[in-house]
Amino acid sequence: MILFPAIDLKNGQCVRLKLGDMAQATVFNDDPAAQAKSFEDQGFAWLHLVDLNGAFEGRPVNAAAVEAILHAVKLPVQLGGGIRNLGQIETWLVKGIRRVILGTAALRDPALVRQACRLFPGRVAVGIDARGGRVAVEGWAETSDLTVIDLAGRFADAGVAAIIFTDIERDGILASLNIESTLELARVVPIPVIASGGLASMDDIHRLLQPDCRILEGAISGRALYDGRIDVTEALRLFQEAP
């Protein structure tokens with residue numbers, strides 16, 4: 001079980017949004033690289049980065065901040081937001097990103113996901129963000145008619161390294177993870193699933209350690225970490241000792 005600290009990038013700053021609304025952004029650090037180094041020093045094993053501007057604009061926007069993070073830490077980093085073509089995927093992997101996350105592209109261009117998985121095995125994840133059980137794309141600005149399970153099923157045999165499932169209606173407001181829907185997804189696809197959206201406290205950490213959650217690869221935490229609602233040392237110890 002991996003606990004992924006989230007660094008969401010908006011205009012070069014480390015922020016957290018409420019419910020995916022760019023107008024409701026709280027700035028937590030003006031220096032994302034320093035924030036990344038802090039997470040590394042605390043003992044985290046991975047970093048989860050999102051280029052929020054990129055997700056809305058459909059192209060990488062916070063590249064300078066991402067590159068500064070890559071130079072600042074030795075941790076493996078996964079990155080999503082605005083990655084929509086093979087050239088962008090390859091560029092980020094060459095620069096040192098361990099795993100790219102395709103979200104909008106997974107819905108709009110599933111062939112790209114399959115091609116990328118063939119060319120870069122183990123280094124392509126799919127981000128599935130949902131509002132009311134339906135997949136949302138373009139920085140969560142548009143909600144499709146496709147269900148989470150339907151979209152995930154399209155990539156069951158594609159070689160996707162992981163699915164990052166986010167419940168938008170819980171994201172950034174400390175409403176607790178949607179464990180039920182996350183486990184429902186994990187049970188029907190042969191792809192490791194990472195829980196995201198709403199992780200609020202040590203209660204969520206303890207819930208993730210229950211036997212039914214052992215099928216998950218891990219969970220992403222943002223605001224709860226920045227607000228000090230999670231005892232990082234204890235959470236990492238529990239995750240590391242989990243069977």
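Note that the coordinates shown come from a computational prediction; the quantities given were computed from them, not determined experimentally.
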Q: Using modelled atom types and a 3.5 Å cut-off, is there a donor and acceptor pairing between side-chain atoms of Asn29 and backbone atoms of Pro32?
A: no

Q: So, taking the atom named CG in Leu75 and the one named NZ in Lys37, what distance separates them when rounded to the nearest 0.5 Å?
A: 9.0 Å

Q: Looking at every non-hydrogen atom in both residues, tell me the closest pair between Ala161 and Arg123 and how far apart they are.
A: CB-N, 4.4 Å

Q: Hey, does the side chain of Asp51 reach the backbone of Val61 with a donor-acceptor pair shorter than 3.5 angstrom?
A: yes

Q: Between Val27 and Asp30, is the side chain to side chain contact (heavy atoms under 4.5 Å, CB included) condition met? List the steps.
A: CA-CA 7 Å; Val27 177; Asp30 288 325; 3.7 Å; yes

Q: Does the structure place the NZ or CZ of Arg99 under 6.0 Å from the centre of the six-membered ring of Trp92, at an angle of no more than 45° from the ring's axis?
A: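 No - Arg99 does not lie over the ring of Trp92 by the 6.0 Å and 45° rule.
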
Q: Nearest 0.5 Å, what's the CD1-CD1 distance between Ile191 and Ile128?
A: 7.5 Å

Q: Using 0.5 Å steps for rounding, measure from the CD1 atom of Ile163 to the CG atom of Leu151.
A: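 With rounding to 0.5 Å, CD1 (Ile163) is 7.5 Å from CG (Leu151).
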
Q: Please check this pair: side chain of Asn178 against backbone of Asp167, looking for a donor-acceptor N/O pair closer than 3.5 Å.
A: no

Q: Hey, quick one: are Ile97 and Ile2 part of the same hydrophobic cluster, counting side-chain heavy atoms closer than 4.5 Å, chains of contacts allowed?
A: no

Q: Might you point out which heavy atoms bring Arg84 and Gly58 nearest each other, and give the distance in Å?
A: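 Scanning both residues completely, I find the closest heavy atoms to be NH1-CA, 3.3 Å.
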
Q: Answer yes if Leu79 and Phe4 sit in the same cluster of Ile, Leu, Val, Met, Phe, Trp and Tyr residues linked by side chain heavy atoms under 4.5 Å apart, and no otherwise.
A: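 No, because Leu79 and Phe4 fall into different hydrophobic clusters, even though each may have its own neighbours under 4.5 Å.
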
Q: Got a sec: does the CD of Glu90 have more than 12 other heavy atoms crowding it under 6.0 Å?
A: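 Result for CD/Glu90: open.
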
Q: Considering non-hydrogen atoms only, spot the tightest contact between Ser196 and Thr166 and give its length.
A: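 Where Ser196 meets Thr166 most closely, the heavy atoms are OG-OG1, 3.1 Å.
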
Q: With the threshold set at 4.0 Å, does a side-chain nitrogen-carboxylate oxygen contact exist between Glu40 and Lys74?
A: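 Result for this pair is no, no salt bridge flagged.
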
Q: Taking atom CD of Glu180 as the centre, does the number of heavy atoms from other residues, nucleotides or ligands within less than 6.0 Å exceed 12?
A: no

Q: Considering only NZ, NE, NH1 and NH2 on the basic side and carboxylate oxygens on the acidic side, decide whether Asp109 and Arg114 come within less than 4.0 Å.
A: no

Q: Is a donor from one side chain sitting under 3.5 angstrom from an acceptor on the other, for Asp41 and Ser38?
A: no

Q: Is a donor on one side and an acceptor on the other found under 3.5 Å between the side chain of Asn11 and the backbone of Gln13?
A: no

Q: Is any NZ, NE, NH1 or NH2 atom of the basic residue among Asp212 and Arg207 found under 4.0 Å from an Asp or Glu carboxylate oxygen of the other?
A: yes

Q: Please answer: with hydrophobic residues joined when any side-chain heavy atoms are less than 4.5 Å apart, are Leu216 and Ile194 in the same cluster?
A: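 No, it is not one cluster - the side chains of Leu216 and Ile194 are not joined through contacts under 4.5 Å.
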
Q: Under 3.5 Å, side chain of Asp227 to main-chain N/O of Arg229, donor-acceptor pair present?
A: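 Such a contact is absent between Asp227 side chain and Arg229 backbone.
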
Q: So which heavy atom on Ala68 is nearest to which on Ala33, and how close?
A: O-CB, 3.8 Å

Q: In sequence, state the C-alpha distance, the side-chain angles, and the governing distance for Tyr226 and Phe39, and then conclude on ring pair (Phe, Tyr, Trp, His ring centres under 6.0 Å).
A: CA-CA 11 Å; Tyr226 295 107; Phe39 283 141; 5.8 Å; yes

Q: Would you call Arg134 and Asp145 a salt bridge, taking side-chain N to carboxylate O under 4.0 Å as the test?
A: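 Here Arg134 does not pair with Asp145 in a salt bridge, since their nearest N and O are not under 4.0 Å apart.
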
Q: Please name the pair of heavy atoms, one in Val113 and one in Val160, separated by the smallest distance, quoted to 0.1 Å.
A: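 Heavy atoms only, the tightest pair is CG1-CG2, 4.1 Å.
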
Q: Indicate the atoms forming the closest heavy-atom contact of Ile101 with His48, along with that distance.
A: CD1-CE1, 3.6 Å

Q: Could you check whether any side-chain N or O of Arg223 sits under 3.5 Å from a backbone N or O of Gly198, counting only pairs where one atom can act as donor and the other as acceptor?
A: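 A pair under 3.5 Å: no.
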
Q: Answer yes or no: is there a donor N or O on one side and an acceptor on the other, between the side chain of Asp204 and the main chain of Leu199, under 3.5 Å?
A: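 A pair under 3.5 Å: no.
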
